[in-house]
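Step one of this worksheet: look at the structure below.
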Amino acid sequence: MNNISMTNEELDQYYERSAQIIGRESYYSPDLYTKYNVKRGLRNEDGTGVVVGLTEIGDVQAYTVEDGKIIPQEGRLIYRGIDVYDLVEACMKEDRLGFEECAYLLLFGELPSQQELDEFKRVLACHRCLPDGFVRDIIMKAPSANIMNKMASTILVAYSYDPNPEDTSVKNLFRQSMEIIARMPLIAAYAYQAKSHYHNGNSLFIHMPDPGLSTAENILRLIRPDCSYTKLEASTLDIALILHAEHGGGNNSTFTSHVVASTGTDIYSCIAAALGSLKGPKHGGANLKVIEMMNEIKREVKNWDNDSEICDYLAKILKKGAYDQSGLIYGIGHAVYTLSDPRCVLLKKKAKELAEATGRVDEYKLYEKVEHLAPIVFNEVKKTNKRMCANVDFYSGFVYDMLNIPTDLFTPIFAVARVVGLCAHIIEERINGGKIIRPAYKYVREMSEYVPLHMRK
């Protein structure tokens with residue numbers, strides 16, 4: 001052990017050999033899930049989720065169960081008893097931005113009066129800033145290639161700037177929630193600017209937020225060199241934020257926040273853990289995968305009006321012969337929704353409006369065709385009759401692209417919205433939880449004898 005230095009090549013070879021051993025020793029047959037009646041992915045055999053908790057914050061409705069059979073229905077998303085369709089359509093009808101009203105509803109459990117909403121917005125405006133030196137010392141000095149990771153680490157650092165970080169009383173959790181919700185757009189925007197400058201070599205733009213603007217307006221203001229945006233852009237992003245703010249207690253990132261909160265730890269740890277979950281390409285990162293996949297389809301399918309050509313390429317993706325060889329058509333299908341995803345339905349309307357305004361109607365029509373044809377191709381290739389629909393990620397990336405939002409910010413914007421629901425669930429867990437969430441895992445390896453070191457080969 002006198003010479004402990006190793007070359008990069010030697011280290012890489014060691015990691016490769018080790019990975020082969022670990023992969024071999026860690027694998028077990030999927031048949032064991034059936035043998036031991038394990039609810040893989042916390043799913044029942046019929047695909048429904050295993051019920052592990054209660055919530056009054058949000059509900060996802062996509063089917064009914066009659067005589068043990070699942071009956072698909074049009075999807076509904078409920079925020080504190082209010083249908084998200086009603087929430088969004090009221091904002092559109094009254095020509096106003098509604099994310100802050102949505103945040104109030106999720107946190108308080110009821111719709112605000114005008115006076116209550118105005119007070120809520122004033123409190124958010126008071127917190128729409130970061131501590132002195134925070135941007136320079138915390139965000140700019142350690143830029144990350146992935147903004148979601150930077151957001152998670154920044155939230156953890158925010159713990160150090162909190163005068164009372166460990167207090168988990170409802171009052172303190174609400175105070176912390178308001179600060180986090182107000183600051184998330186700044187953290188996302190500044191983390192993007194840091195990456196754009198230090199990793200991509202672009203000019204650095206650091207704008208101050210405008211306390212008088214909404215969350216959607218401030219996001220657009222902070223990420224653009226000239227701070228400009230149109231009314232259509234602000235209203236579209238505002239609706240996207242509303243639709244991403246909450247999705248029941250069972251989605252991966254929200255369940256993560258419940259699991260971590262059940263330990264009694266601080267809110268910053270809970271949010272950081274949830275952001276790590278949300279980053280995943282099977283969760284919040286899916287909208288980026290959709291737009292990458294669609295860009296490949298645009299390149300490879302020569303005639304966008306030819307359904308047969310589109311179907312052939314979708315089949316190629318499903319057979320792992322195209323895009324990322326995963327066999328997944330991103331943005332199609334959902335763990336719960338069957339006939340429709342209400343978020344997708346609402347966002348699709350804004351996508352069409354934006355496409356007409358930006359001269360991208362041909363692309364929109366291609367998205368429509370893929371949305372219609374993908375479930376058909378899936379059932380033909382997989383030999384099933386599964387009911388599938390496009391989910392919110394299918395159009396959200398396209399919408400963000402038409403808003404000239406950089407792809408690096410697709411998932412972070414999801415996080416800016418979802419942190420509202422996360423905070424509401426963390427408070428709910430504090431009030432109603434009591435027990436640490438601790439599911440069981442079945443041990444499936446045989447016992448072996450300990451062999452003394454000098455006798456091992």
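The residues of the chain are indexed from 1 along the displayed sequence.
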Pairing of Glu25 and Arg445 as salt bridge, 4.0 angstrom limit: yes

Pair Glu368-Lys352, salt bridge (Lys or Arg N to Asp or Glu O under 4.0 Å): steps then yes or no: CA-CA 10 Å; Glu368 270 196 320; Lys352 183 178 181 180; over 6 Å; no

Polar contact flag, side-chain donor to acceptor under 3.5 angstrom, Asn149-Lys279: yes

Beyond-backbone contact of Ser196 with Asn202, side-chain heavy atoms, under 4.5 angstrom: yes

Asn8 atom CG, neighbour heavy-atom count above 12 within 6.0 Å: no

Salt-bridge criterion met for Glu353 and Lys349 (N-O under 4.0 Å): no

Residues Asn251 and Ser253: side-chain donor-acceptor under 3.5 angstrom: yes

Whether Tyr33 and Tyr28 hold their rings parallel, tilted or perpendicular, with breakpoints at 30° and 60°: tilted

Heavy-atom donor-acceptor pair, Asn172 side chain to Asn164 backbone, under 3.5 Å: yes

Donor-acceptor side-chain pairing of Ser214 and Glu217 below 3.5 angstrom: yes

Check: Thr154 and Phe134 side chains under 4.5 Å, non-hydrogen atoms: yes

Steps toward salt bridge (Lys or Arg N to Asp or Glu O under 4.0 Å) verdict (Asp341, Arg343): CA-CA 5 Å; Asp341 179 342; Arg343 304 167 302 169; 2.8 Å; yes

Centroid separation His283 to His247 less than 6.0 Å: no

From CA spacing to verdict: salt bridge (Lys or Arg N to Asp or Glu O under 4.0 Å), Lys302, Glu309: CA-CA 8 Å; Lys302 305 307 177 185; Glu309 190 176 351; over 6 Å; no

Shortest non-hydrogen contact from Ala188 toward Ile147: O-CG2, 4.1 Å

For the student: nearest non-hydrogen atoms of Glu246 and Gly248, plus distance: OE2-N, 2.9 Å

His199 NE2: over 12 foreign heavy atoms closer than 6.0 Å: yes

Interatomic spacing from NE2 in His127 to CD1 in Ile181 - rounded to 0.5 Å: 10.0 Å

Over 12 foreign heavy atoms within 6.0 Å of CD, Gln325: yes

Distance-only donor-acceptor check, side chains Tyr330 and Glu292, under 3.5 Å: no

Closest approach of Gln176 to Tyr268 (non-hydrogen atoms, all atoms of both residues): NE2-CE1, 3.7 Å

Main-chain N/O of Lys386 paired with Asn379 side-chain donor or acceptor, under 3.5 Å: yes

Shortest non-hydrogen contact from Leu275 toward Met184: CD2-CE, 4.2 Å

Basic-acidic side-chain contact under 4.0 Å: Glu233, Arg224: yes

Met6, CE: over 12 other non-hydrogen atoms inside 6.0 angstrom: yes

Distance-only side-chain donor-acceptor flag, Asp238 / Ser235, under 3.5 Å: no

Aromatic ring pairing Phe394/Tyr367, orientation class (parallel under 30°, perpendicular over 60°, tilted between): perpendicular

Residues, nucleotides or ligands: over 12 heavy atoms within 6.0 Å of Asp226 CG: yes

Short side-chain donor-acceptor distance under 3.5 Å, Ser144 and Asn146: no

Derivation of the side-chain contact (heavy atoms from CB on, under 4.5 Å) call for Ile427 and Ser177: CA-CA 9 Å; Ile427 294 172; Ser177 296; 3.9 Å; yes

Under 3.5 Å donor-acceptor, Thr256 side chain and Asn252 backbone: yes

Residues Ile413, Leu241; criterion side-chain contact (heavy atoms from CB on, under 4.5 Å); working and verdict: CA-CA 8 Å; Ile413 286 176; Leu241 293 175; 4.0 Å; yes

Donor-acceptor pair between Thr48 and Asn44 side chains, under 3.5 angstrom: yes

CA sep, side-chain torsions, deciding dist, call: Asp324, Lys289, salt bridge (Lys or Arg N to Asp or Glu O under 4.0 Å): CA-CA 9 Å; Asp324 62 358; Lys289 299 293 286 186; 3.1 Å; yes

Separation of Met293 CE from Tyr323 OH (nearest 0.5 Å): 7.5 Å

Backbone N/O of Ala335 and side chain of Arg43: donor-acceptor pair under 3.5 Å: no

Distance-only side-chain donor-acceptor flag, Arg430 / Thr168, under 3.5 Å: yes

Short N-O contact, Lys195 and Asp408, less than 4.0 angstrom: yes

Exam field: side chain Glu10 to backbone Thr7, donor-acceptor pair closer than 3.5 Å: yes

Closest contact, heavy atoms only, Asn391 versus Gly333: ND2-O, 2.7 Å

Residue pair Leu130 / Tyr190, side-chain heavy-atom distance below 4.5 Å: yes

Residue pair Thr411 / Gly285: nearest heavy atoms and the distance that separates them: OG1-CA, 3.4 Å

Verdict with supporting geometry, Ile426 and Ile271, side-chain contact (heavy atoms from CB on, under 4.5 Å): CA-CA 9 Å; Ile426 291 166; Ile271 297 294; 3.6 Å; yes

Residue pair Glu363 / Met294, side-chain heavy-atom distance below 4.5 Å: no

Pair Arg360 + Asp401, salt bridge at N-O below 4.0 Å: yes

Stepwise side-chain contact (heavy atoms from CB on, under 4.5 Å) check, Cys270 with Thr265: CA-CA 7 Å; Cys270 299; Thr265 192; 3.9 Å; yes

Any donor-acceptor pair under 3.5 Å from Glu100 side chain to Thr215 backbone: yes

